[in-house]
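Everything below concerns the one structure shown next.
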Amino acid sequence: MALTAFPISPAKPLTAITTIPQFPHNPKTLILQQCKTTRDLNQVHAHLIKTRLLLNPAITENFLESAAILLPNAMDYALSIFHNLDEPDTLVYNIMIRSLTYKQSPLEAFLLYKKMQESSAEPDEFTISSILKACSKLRALREGEQIHAHIVKCGFKSNGFVENTLIHMYATCGELEVARRVFDGLPERARMAWNSMLAGYMKNKCWDEVVKLFHEMLKLGVGFDEVTLISVLTACGRLANLELGEWIGDYIEANRLKGNIALVTSLVDMYAKCGQVETARRFFDRMDRRDVVAWSAMISGYSQANRCREALDLFHDMQKANVDPNEVTMVSVLYSCAVLGALKTGKWVDFYIKKKKLKLTVNLGTALIDFYAKCGCIDSSIEVFNRMPSTNVFSWTALIQGLASNGQGKGALEYFQLMQEKKIKPNNVTFIAVLSACSHAGLVNEGRNLFTSMIKDFGIEPRIEHYGSMVDILGRAGLIEEAYQFIKNMPIQPNAVVWRTLLASCRAHKNVEIGEESLKHIISLETPHSGDYILLSNIYASVDRREDAIRVRNQMREKGIEKAPGCSLIELDGVIYEFFAEEKACPHLEEVYNATHDMMKRIKEAGYVPYTADARLDAEEDDKEASVSHHSEKLAIAFGLIRTLPGTTLRISKNLRVCTDCHNATKMISKVFNRQIIVRDWNRFHHFKEGSCSCNDYW
C-alpha cells in the first residue's frame with residue numbers, strides 16, 4: 001500500500017478541510033486558499049505568528065500539512081517551522097516523517113523517527129507505516145527488523161496498514177520468505193494484504209509465485225481489484241502465459257474496466273510480450289487516453305518482436321501527440337534504431353537527453369552505447385560511456401562488443417584490461433565480447449589466453465557461445481583443422497551454431513572436406529538454413545566444382561528450402577529505404593538501376609574487376625556480372641550516392657554476410673567517390689574509406 005494513501009490525521013483529513021465554511025478570519029481557510037507558493041506561505045506564517053494562532057496545535061498541524069505536502073518546494077520551510085516547535089506531538093511527527101518519505105528523503109525521515117523516539121511523542125500506526133516505507137526505500141533491512149520487533153512489542157500487529165507495509169518492506173529488501181511468513185500469519189488477509197504480497201513477488205521477478213498466489217485467491221474466493229490484475233498481467237507477460245492473460249482480458253471487457261489506463265496498459269504489455277502484437281495494438285488503439293506508459297508499452301512490444309520500423313513509426317506518432325518519452329520509451333527506440341541503423345532518430349534521443357538534462361542512467365547509457373556502436377559511430381559510443389555518472393558490467397560489455405564489431409579488437413582488449421583495473425568483474429557475456437574482438441582482429445594467441453583465463457582466473461565455466469567464439473577465432477585465421485579438433489574435444493555437445501561457424505570458415509578458406517563434414521553435423525542437429533547449403537555450394541564453386549555446387553542448390557529446392565533474399569537498408573533524412581538483391585519492384589527502380597550502372601562503370605574504369613563466383617549459380621555466363629552488380633548493398637550505396645551531398649558518410653545495414661565482390665566493390669567506391677561507407681552485415685561492421693576497409697580484408 002503506498003504511503004500517499006495513508007491518512008495523515010484521522011481527525012482532520014486534508015479533504016475535509018476544504019469543506020470548512022468560508023468565515024473571513026478562519027485561519028484554516030486562509031492556509032488552504034492562499035498557500036499556492038512559498039511567498040504565500042510566508043505571509044500566512046507571519047499572520048499566524050502575529051495573531052498567536054500558531055500556538056494552537058490544530059492550526060500548526062494544518063499549516064505544516066500545507067507546507068510539507070501540498071507545496072512542491074516548501075519542505076525546507078516546513079522543517080524550519082518544525083524545529084522551532086517546543087514539543088511536537090505524534091500528529092506533527094507523522095506529517096513530517098510521511099512528507100520526507102514521500103519527497104524522496106527517506107534517510108531524513110528515519111533520523112526524524114529516531115528523534116521522535118527520544119521525545120515524549122509516541123509513535124502510532126501511521127508513524128510505523130511511514131517509517132517502514134522509508135526503510136523500503138533505503139533497503140534498510142536491519143532497521144526494518146527492529147521496527148518489526150517494536151510492532152510486536154507495542155501491539156500494532158493486528159493493524160492492516162502496518163502489516164501491509166511490513167510485507168512490502170521485507171519484499172523490497174529481498175526477504176521474500178519473511179514477507180510470506182508475515183502474510184501467512186495474518187489473522188485476516190484482506191485484499192490489500194494479497195496485493196502487497198503479489199507486489200512483493202513481482203518486485204523480485206518471482207513470476208510463477210504471482211500466478212500461484214492469484215490462483216489461491218480465486219480458490220479461496222478472495223475479491224480482487226485492478227491493482228491485483230496489473231500484477232498478474234505483468235507476470236503473464238514475463239511467463240508468456242497467454243491463457244491466463246486472455247482470461248483477464250475477457251474479465252476486463254466484461255466488467256467494463258477499459259477506462260483504467262494502467263490496467264489496459266498492462267494488458268497491452270502482456271499481449272505484446274506473449275507475441276500477440278496485433279491484439280496489443282487493437283487494445284492500444286481503443287484507449288480513450290494514452291499516457292507515456294501506454295505508448296512505451298506498445299513501442300516496446302514492437303521492438304521486442306523485432307518489428308522495429310513499426311516501433312519507430314509509433315514513436316513518431318507519439319511525438320506528434322506531444323507526449324514526452326520516458327526512459328523505457330527511449331531504450332526501446334534506441335534498440336530499434338540500432339537494428340535499423342536509424343542514426344538520425346537515435347541522435348534525436350541523445351539530443352533530447354542532453355536538452356532536458358535527464359540523468360544518463362546505466363540502462364539508458366548502455367542503450368546509447370549499443371546504438372552508436374551498431375550505427376558504426378564507435379567514437380560516439382566512447383563519448384557516451386565517458387559521460388555516464390555510473391557504469392556496470394553491462395555498460396563495459398556493450399562498449400567492448402561495440403569496439404570488437406567495429407574492427408577495433410585491440411581497443412576492445414584495452415578496455416577489458418581497464419575494466420579489471422576498475423574492479424568491475426567481467427561476466428560470461430563480457431568474455432563473448434572479448435573473444436569476438438580477438439576473432440575480428442585475428443588475435444589468435446590472445447584469444448587462447450583469454451579462454452584459459454576465463455576458467456582459471458575468473459571461475460567462469462565456458463558456455464556453448466564461448467566454444468563457438470574459439471572456433472571462429474581459429475577458423476578465421478585459417479586454422480581449420482585445429483578448429484575441427486577443438487570441436488571434437490569439447491566437453492559439451494556442439495550445437496548447429498558451432499558447426500555453422502566452422503562451415504563459414506571453410507567457405508573463406510576453401511576447405512571442402514571439413515565443410516562437407518560440418519554440414520552433415522548441422523543437418524543431424526536441426527533443420528538447416530538456406531545459408532548452410534549456400535555456404536557449401538559456394539565452397540564447391542570456389543574450387544571449380546560447379547556440378548557439386550548446382551547439386552547442393554538443387555537439394556535445397558527439393559527440400560523446399562528457399563534462400564533468404566539479400567536485403568540492405570539505408571537511412572536518408574530520417575527515412576529508411578529498403579533494397580533487395582536484383583529487385584524488380586522498388587519505388588525508385590529506374591533511378592536506382594541507372595545510378596548503379598553509372599557507379600559500376602566508374603569503378604571499373606578505376607580498376608575494379610567483378611568477382612563473378614558470387615553470382616547466382618543459375619545465372620548465364622553473360623548475366624553473372626549483372627547479377628553481382630545488383631546485390632542489395634550496391635543498390636543501397638548507389639541510391640545513397642545520388643541522394644546525399646558529396647562527402648556524406650553512407651551507412652548500410654545488411655541481413656546477410658557481405659560477399660567478396662561487394663567487399664571489393666565497396667572499397668573501390670569509397671576511393672572513386674571519396675566517401676566513407678559503413679556497412680553492417682550479420683555480425684560485424686566494415687568501415688570503407690579511401691579504398692581500404694577496417695577489417696583489413698580479414699572477414
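In this text the structure is predicted, and so the values were computed from the model without any measurement. Only this structure's heavy atoms are used, side chains among them; waters, hydrogens and symmetry mates stay out.
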[X] with [Y]: basic N within carboxylate O range, under 4.0 Å:
{"X": "E177", "Y": "R180", "value": "no"}
{"X": "R448", "Y": "E482", "value": "yes"}
{"X": "K212", "Y": "D208", "value": "no"}
{"X": "E383", "Y": "R387", "value": "yes"}
{"X": "R307", "Y": "D313", "value": "no"}
{"X": "K374", "Y": "D370", "value": "yes"}
{"X": "E690", "Y": "K671", "value": "no"}

Checklist entry - What do the steps show when you test F416 against F431 for ring pair (Phe, Tyr, Trp, His ring centres under 6.0 Å), and what is the final call? => result CA-CA 9 Å; F416 178 67; F431 274 98; 5.5 Å; yes
Next on the checklist: Could you report the tightest heavy-atom contact between G301 and A272, atom names first, then the distance?
Outcome noted: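 Reported closest heavy-atom pair: CA-CB, 3.5 Å.
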Next on the checklist: If you compare all heavy atoms of L450 against all heavy atoms of C438, which two are closest, and at what distance to 0.1 Å?
Outcome noted: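 Heavy atoms of L450 and C438 come nearest at CD1-SG, 3.7 Å.
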Next on the checklist: Taking N449's backbone N and O only, do any of them form a donor-acceptor pair with S453's side chain (distance below 3.5 Å, no angle check)?
Outcome noted: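 Not a single qualifying donor-acceptor pair exists.
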Checklist entry - Aromatic rings F451 and F486: how do their planes relate, parallel, tilted or perpendicular, breaks at 30° and 60°? => result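 Ring orientation of F451 relative to F486: perpendicular.
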